[in-house]
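As C-alpha cells, the structure follows; a few thoughts come after it.
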Amino acid sequence: MRIALTAFTLRGTTLARSLAHDLAEIGHSCALAVPERLSPETGLPGYGSLGEWAGERFADTDALLFVGASGIAVRAIAPYVRDKFTDPAVVSVDEAGRFVVPLLSGHVGGANDLARLVARLIGGTAAVSTATDVNGCFAVDQWTREQGFFLDGREGAKRVSASLLAGVSVGLSSDFPVQGELPRGVAEGPAEAGIALTLDPEKAPFPHTVRLIPPVLHLGIGCRRGTAVETIAAAVERVFTDHHLSLKGVAAVCSIDLKKDEPGLLAFCQSLGLPLTTYSAEDLAAVPGDFTPSPFVKGVTGVDNVCERAAVRRGGTLIVPKQAGEGVTVAVSQVPLTIRFSEKGD
C-alpha cells in the first residue's frame, strides 16, 4: 500500500516518522511530509498548503495517514471526497498515539485494516465505526478487497449489507467450488439479495445481486504489426461478450516477445492496468497441449500458435480457443479457484 503521512507538530512528527519506518519495514511504501514551518527543523519535505497536499495525495496514493486532530484531516480531505469505491483510505491518529480513527473508505479502501495495523504498532486503540464491523456482520466489500476480486453491482452490495444488518439472510451463488463454512447470514439458495461469485458480467441470480469477479483469466493475444489499440480492444471485447466473460477477471495479458514493443497492444494493456507478459517462440513451442496450428503464424513467428500457447503458458486451462478477426487472435485460459470465506470476514 502507498501511504502518505503528515503531522502538524514536532511531537506528532516523531510519531509519524516512527510509523513510516515501521510500515515500510512490513512492505508498505511510505512518504512523510510536514508543513513548511517544520521542514527546516525536521529535515522532511514541506508543503505550503495542507489542502493542496491532500488533493495531490488523493490522486497518487492508496492511503493518507494524518497524525493530529481528526478535524484537521476532515477539513483537508473534504473537497476531494467522491466515492467509497474510489477514494483512498484516510486514517487519523492523535499525536499521543492513543486512538486511531478510520475516516474514509473503511472497507474498500482498507482504512479499517490500516487503523488496526497502526494501533498494533503504537499500542493504541482502533476506533472502527462501520456498521458491519460493530455488529459483527460479514462485510462483502471488505472481503472482496481482501481477496483481490472486483465488486460489480454497488446497489446490490448495499442491499446485501443492509439485509445482514437487519438479520435477513442473503443468498450465495458460486461458479467456483466453495470450501469451509459460509459467513453468518449467508446461505446458498434463493434470496431477495445475494452474492454471485462469477466471471459472467450479466449473471443475476437474485433480484438484488452483487457480482464478485475473481482475476483468474489469462488473455493470450496475437496481432499483425501496427494493429490499432481500438481494433485489439474491439476483438477482445467481442470474444468476452460472446463467451459471457468479464474483462475484470483478466489477471494477465500475454503474447510472443516479438510483440513486446507493439504500440497498440501495449496501449490495450495500459487500458486494463496490466503489464504485457511475453514469451519467446521456443518457450511457447514447449507448452504441452493441443493448439490450433497455423503454418503462416509459424513462418512469421517461429511457433505455430501464439494466443493459445501464451495464455496457457501463463497458467490454467484453455477455456476459449483461438478466435480470429481483423488481424487479431484471442484466446483465454482460466486458473482453478476454490472460494474460502476466512474468519476475518465473518
Fill in: Any L10 side-chain heavy atom under 4.5 Å of E41 side chain
yes

Just list the side-chain donor-acceptor pairs under 3.5 Å for residues 230-249, sequence neighbours left out, or say none.
unit_1, atom_1, unit_2, atom_2, d
T241, OG1, E237, O, 2.9
H243, ND1, V239, O, 2.9
S246, OG, K248, N, 3.0

Worksheet item: With a 4.5 Å limit on heavy-atom distance, are the side chains of V253 and T277 in contact?
Response: no

Worksheet item: Any chance the side chains of S105 and D87 put a donor and an acceptor closer than 3.5 Å?
Response: no

Worksheet item: Does T14 offer a backbone N or O that forms a donor-acceptor pair with the side chain of S18 under 3.5 Å?
Response: no

Discussion item. Is it true that T329 and Q323 share a donor-acceptor pair across their side chains at a distance under 3.5 Å?
Written reply: no

Worksheet entry | Stepwise side chain to side chain contact (heavy atoms under 4.5 Å, CB included) test for V178 and T338 | CA-CA 6 Å; V178 178; T338 298; over 6 Å; no

Worksheet entry | Shared hydrophobic cluster for V118 and F66 (ILVMFWY, side-chain gaps under 4.5 Å) | no

Fill in: T6 side chain near T13 side chain, heavy-atom distance below 4.5 Å
no

Worksheet, complete the sentence: Scanning both residues in full, the closest heavy-atom pair of A7 with P35 reads O-CD, 3.1 Å

Worksheet item: For the atom pair CG (L104) and CZ (R82), what is the distance rounded to the nearest 0.5 Å?
Response: 11.5 Å

Worksheet, complete the sentence: Between the CG atom in L38 and the CZ atom in F8, the distance rounded to the nearest 0.5 Å is 10.0 Å

Item to complete: Examine distances only and state if a side-chain atom of N305 and a backbone atom of T292 form a donor-acceptor pair shorter than 3.5 Å.
Response: yes

Fill in: Side-chain heavy-atom pair L64, P88 within 4.5 angstrom cut-off
yes

Discussion item. Taking K158's backbone N and O only, do any of them form a donor-acceptor pair with S161's side chain (distance below 3.5 Å, no angle check)?
Written reply: no

Worksheet item: How far does OG of S174 sit from CG of L197, to the nearest 0.5 angstrom?
Response: 4.5 Å

Worksheet item: For the side chain of E308 and the backbone of L318, is there at least one donor-acceptor N/O pair under 3.5 Å apart?
Response: no

Discussion item. Counting neighbours of CZ on R224 that are heavy atoms of other residues, nucleotides or ligands and sit closer than 6.0 Å, is the number greater than 12?
Written reply: no

Discussion item. Check for me, please, whether V320 and V330 land in the same ILVMFWY cluster - side-chain distances under 4.5 Å, paths through other members count.
Written reply: yes

Fill in: Spacing of F149 atom CZ and W143 atom CH2 [to the nearest 0.5 Å]
5.0 Å

Worksheet item: Side chains of T198 and P205: closer than 4.5 Å at any heavy-atom pair?
Response: no

Worksheet entry | Over all atoms of both residues, closest heavy-atom pair of L258 and V300 | CD1-O, 4.2 Å

Worksheet entry | Residue pair W53 / A4: nearest heavy atoms and the distance that separates them | CZ2-CB, 3.8 Å

Discussion item. To the closest 0.5 Å, what do you measure between CG (L265) and CG (L276)?
Written reply: 4.5 Å

Discussion item. According to a hydrophobic-cluster definition based on side-chain heavy atoms being under 4.5 Å apart (Ile, Leu, Val, Met, Phe, Trp, Tyr only), do V160 and F85 belong together?
Written reply: yes

Worksheet entry | Carboxylate-amine/guanidinium proximity below 4.0 Å for D60 and R2 | no

Discussion item. Restricting to non-hydrogen atoms, name the atom on A311 and the atom on S333 that form the minimum distance, rounded to 0.1 Å.
Written reply: O-OG, 2.9 Å

Item to complete: Could you verify whether a donor N or O on one side chain and an acceptor N or O on the other, from E95 and T9, lie under 3.5 Å apart?
Response: yes

Worksheet item: Can you tell me if NZ on K203 sees more than 12 non-hydrogen neighbours from other groups inside 6.0 Å?
Response: yes

Practice prompt. Indicate the atoms forming the closest heavy-atom contact of G106 with Q142, along with that distance.
Written response: O-OE1, 4.2 Å

Worksheet item: Just by distance, with hydrogens left out, do Y47 and S39 show a side-chain donor and acceptor under 3.5 Å apart?
Response: no

Worksheet entry | Transitive ILVMFWY side-chain link F99 to I72, under 4.5 Å | no

Item to complete: Show the numbers, then the answer: is there a salt bridge (Lys or Arg N to Asp or Glu O under 4.0 Å) between D152 and R211?
Response: CA-CA 5 Å; D152 179 21; R211 285 175 291 275; 2.9 Å; yes

Worksheet item: Is the shortest distance from a Lys or Arg side-chain nitrogen in R116 or D113 to a carboxylate oxygen in the other one below 4.0 Å?
Response: yes

Discussion item. Applying a strict under-4.5 Å side-chain criterion to I, L, V, M, F, W and Y, I'd like to know whether V74 and V100 cluster together.
Written reply: no

Worksheet item: With distance as the sole test, does Y80 use its side chain to make a donor-acceptor pair with the main-chain N or O of R57 at under 3.5 Å?
Response: no

Fill in: NZ/NE/NH1/NH2 to OD/OE distance under 4.0 Å, D304 and R309
yes

Worksheet item: In terms of heavy-atom contacts, does CD of E192 have more than 12 from other residues, nucleotides or ligands at under 6.0 Å?
Response: yes

Practice prompt. Rounded to the nearest 0.5 Å, what's the gap from OH on Y279 to CZ on R313? Could you check?
Written response: 5.0 Å

Worksheet item: So do V90 and F58 actually touch side chain to side chain, heavy atoms under 4.5 Å?
Response: yes

Worksheet entry | Nearest heavy-atom neighbours spanning L19 and L65 | CD1-CD2, 4.1 Å

